[in-house]
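One structure below.
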Amino acid sequence: MNIDRIEVSHTAAEKADRYLTPKQLKTVLRDHTGYVCRRASPNHDDLYPDNEFTLRGEFYGLQLDIVFAVESDHVAVITQMSQHSDSLRGQFYEYVGDTAEDAVEHARS
């Protein structure tokens, strides 16, 4: 599956001076790999949105977390930030894959 349409939120775009430009964000989501997960709670089903994911990795020399949502007809970049938590592995995170495409497939299955 190819990610054809990516929209970058105003919040994510405003951070271009510190992190990635909207064009770079789109390239990362289409072409780069990292660690993709979503927030989950073992005790509370549906506590977190099923369509919201984090892509963690090093992109353009920066250690970043890119938070994005898989919508019905596009992928929306919500925000980008430096990696602020020590780990995205554990009981409150569900590993989804290595690419944004993995997240799209997960959200639509």
Rounded at 0.5 Å granularity, tell me how far [atom1] in [X] sits from [atom2] in [Y].
X   : Y   : atom1 : atom2 : result
E58 : L64 : CD    : CG    : 9.0 Å
K15 : H10 : NZ    : NE2   : 11.5 Å
Y35 : D65 : OH    : CG    : 11.5 Å
L25 : E7  : CG    : CD    : 13.5 Å

Please check if [X] and [Y] belong to a single hydrophobic cluster, counting links between Ile, Leu, Val, Met, Phe, Trp and Tyr side chain heavy atoms closer than 4.5 Å.
X   : Y   : value
I3  : V28 : yes
M81 : L20 : no
V67 : I6  : no

Closer than 3.5 angstrom, by distance alone: can the side chain of [X] be matched with the main-chain N or O of [Y] as a donor-acceptor pair?
X    : Y    : answer
R108 : S72  : yes
N51  : E71  : no
Q80  : A12  : yes
E105 : D102 : no

Step by step, work out the side chain to side chain contact (heavy atoms under 4.5 Å, CB included) result for I78 and F68. CA-CA 5 Å; I78 298 168; F68 63 98; 5.6 Å; no

Check whether any side-chain heavy atom of [X] sits under 4.5 Å from a side-chain heavy atom of [Y], and report yes or no.
X   : Y    : result
R5  : D73  : yes
T54 : I66  : no
T27 : F59  : no
V36 : D98  : no
F53 : H106 : yes

Where is the tightest heavy-atom contact between Y93 and C37, given as atom of each residue plus distance?
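Nearest pair, atom of Y93 first, then C37: CD2-SG, 3.8 Å.
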
Practice item. Identify the heavy atoms of L29 and A100 that sit nearest to each other, and give their distance. Key: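 Heavy-atom minimum between the residues: O-CB, 3.3 Å.
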
*Could you name each residue pair satisfying salt bridge (charged side-chain N to carboxylate O under 4.0 Å, His left out) that touches residues 34-43, not counting sequence neighbours?*
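The answer is R38-D50, R38-E94.
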
Let's go through H32 and Y60 carefully: what are the C-alpha distance in whole Å and the side-chain angles of both, what is the deciding distance for ring pair (Phe, Tyr, Trp, His ring centres under 6.0 Å) to 0.1 Å, and is it a yes or a no? CA-CA 10 Å; H32 291 243; Y60 297 95; 5.8 Å; yes

